[in-house]
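Proteins come first, then strands; the chains are lettered A, B, ... in the order of their sequence lines, and each starts at number 1.
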Number of protein chains: 2
Amino acid sequence: MAITIDDERLDAVFAALADRTRRDIVARLSEGEATVKELAAPYAMTLQAVSQHIGVLERCGLVSRGRHRQTRPCRLEPQTLETAVSWIEESRRAWAERMDRLEAHLARLQDGQQR
Amino acid sequence: MAITIDDERLDAVFAALADRTRRDIVARLSEGEATVKELAAPYAMTLQAVSQHIGVLERCGLVSRGRHRQTRPCRLEPQTLETAVSWIEESRRAWAERMDRLEAHLARLQDGQQR
DNA sequence: CGTGTACTCAAGCATCTACTTTATCAAGCG
DNA sequence: CGCTTGATAAAGTAGATGCTTGAGTACACG
């Protein structure tokens with residue numbers, strides 16, 4: 001039952017998504033590839049800072065960088081997003097199941113009282 | 001379309017989930033309520049440290065603490081998990097859509113060549 | 001009442017993070 | 001060739017984070 005082999009990976013993915021700028025970059029990459037310069041354009045910070053953000057996204061597997069002429073086009077790696085979602089869904093599923101059982105139990109109790 | 005009013009909330013939720021101990025606590029709370037002492041039991045760290053972790057989870061809305069006698073029972077707030085999932089799913093959905101369009105486009109190109 | 005238990009508050013410390021500036025590199029252009 | 005462009009590398013800094021210890025609070029039990 002998923003003894004969380006990839007705990008470090010999850011640490012890194014959630015930490016990466018904990019930053020507004022990086023979430024923004026992910027959202028923009030979901031619309032298609034973009035170069036570092038293009039991704040940096042909207043922000044007040046330096047290009048280097050954005051490159052570092054992309055480095056964080058790359059190291060945790062959310063993004064990959066290629067090479068085309070003098071640019072490094074970035075693309076989303078959606079299956080890494082998947083690992084984050086599936087971790088969360090696991091907890092929500094367990095909780096929902098538990099609530100269902102509780103509800104059923106309460107219904108049985110009430111049945112007993114009415115008789 | 002969601003100009004991210006709750007950016008700070010998302011920052012906090014993802015930052016909270018970026019820690020192994022806190023993810024573990026969330027997972028355990030998905031099996032049911034627990035007191036601070038119970039939650040702290042498995043870890044080498046002090047009770048205070050665990051209480052601080054719960055504080056982080058509480059501040060971002062993932063967990064709520066009640067009062068029962070001298071204990072503070074903690075429970076999961078699953079709708080906050082929902083906000084994190086739905087942010088991620090939005091990006092994945094956009095990416096999947098884009099891939100579908102790309103595929104369709106490539107199919108049309110190939111059709112043209114074959115004729 | 002005093003003692004124990006469950007917990008929070010507060011201060012201190014080591015480490016990590018999000019930037020910055022300066023320097024460097026590699027590809028294309030005159 | 002030298003110069004610009006798009007990018008990474010490295011080093012420094014202010015502020016956040018994860019933990020500790022020590023002290024304080026609220027409830028129960030005898």
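Minimum atom distance to the side chain of M45(B) is reached by dC19(D), of the listed dC19(D), dA18(C), dT21(D). Candidate nucleotides dA27(C), dA18(C), dT8(D) were compared by shortest atom distance to the side chain of L47(A), and dT8(D) ranks first. Proximity note for D19(B) (side chain, C-beta onward) versus dT8(C), dG18(D), dA27(C): the nearest is dG18(D). Comparing atom distances between the K37(A) side chain and each of dA7(D), dC27(D), dA27(C) picks out dA7(D) as nearest.
Distance E38(B) CD to dA6(C) P: 10 Å, rounded to the nearest Å. Atom CG of L39(A) is separated from atom C1' of dG6(D) by 13 Å (rounded to the nearest Å). With rounding to whole Å, F14(B) atom CZ is found 21 Å from dA16(D) atom P. Atom CG in D11(A) sits about 10 Å away from atom P in dG18(D), given to the nearest Å. Distance, I54(B) CD1 to dT17(D) C1': 17 Å, rounded to whole Å. In this structure, R72(B) atom CZ and dT5(C) atom P are separated by 17 Å, rounded to whole Å. Here dA16(D) presents its P atom at 13 Å from CZ of R59(B), a figure rounded to the nearest Å. Distance CG (L57(A)) to C1' (dT17(C)): 14 Å, rounded to an integer number of Å.
Residue contacts for R20(A): at a heavy-atom cut-off of 4.0 Å it reaches no nucleic acid atom on any strand shown. Note on T35(B): only backbone sugar-phosphate atoms sit closer than 4.0 angstrom, heavy atoms only; bases stay farther off.
Remark: the backbone N or O of L17(B) is paired with a side-chain donor or acceptor of R23(B) at under 3.5 angstrom. A donor-acceptor pair is defined here as one N or O able to donate and one able to accept, closer than 3.5 Å; such a pair exists between the side chain of T80(A) and the backbone of G61(A).
Figure legend: cation-pi geometry between R98(B) and W95(B), with NZ or CZ positioned under 6.0 Å from the six-membered ring centre and within 45° of its axis.
A 4.5 Å side-chain heavy-atom check between L81(B) and L76(B) finds at least one atom pair inside the cut-off.
For R67(A) and A44(A), each mapped to the nucleotide of DNA chain C holding its nearest heavy atom, the one lying further toward the 5' end belongs to A44(A).
Between E31(A) and R28(A), no side-chain nitrogen of the basic residue sits less than 4.0 Å from a carboxylate oxygen of the acidic one, so the salt-bridge criterion is not met.
Considering every non-hydrogen atom in both V13(B) and A84(B), the closest pair reads CG1-CB, 3.9 Å.
In this structure, H68(B) does not reach the dA6(C) phosphate: none of its side-chain N or O atoms is under 4.0 Å from OP1 or OP2. At the phosphate of dT8(D), OP1 or OP2 sits under 4.0 Å from a side-chain N or O atom of S51(A). Of the side-chain N and O atoms in T71(B), none sit less than 4.0 angstrom from OP1 or OP2 of dA6(C). Look at R65(A) and you won't find any side-chain N or O under 4.0 angstrom from OP1 or OP2 of dA7(D).
Scanning atom types as modelled, one donor and one acceptor separated by under 3.5 angstrom connect the side chain of Q52(A) and the base of dT20(C). The base of dG22(D) sits within donor-acceptor range of the side chain of Q48(B), with an N or O pair under 3.5 Å.
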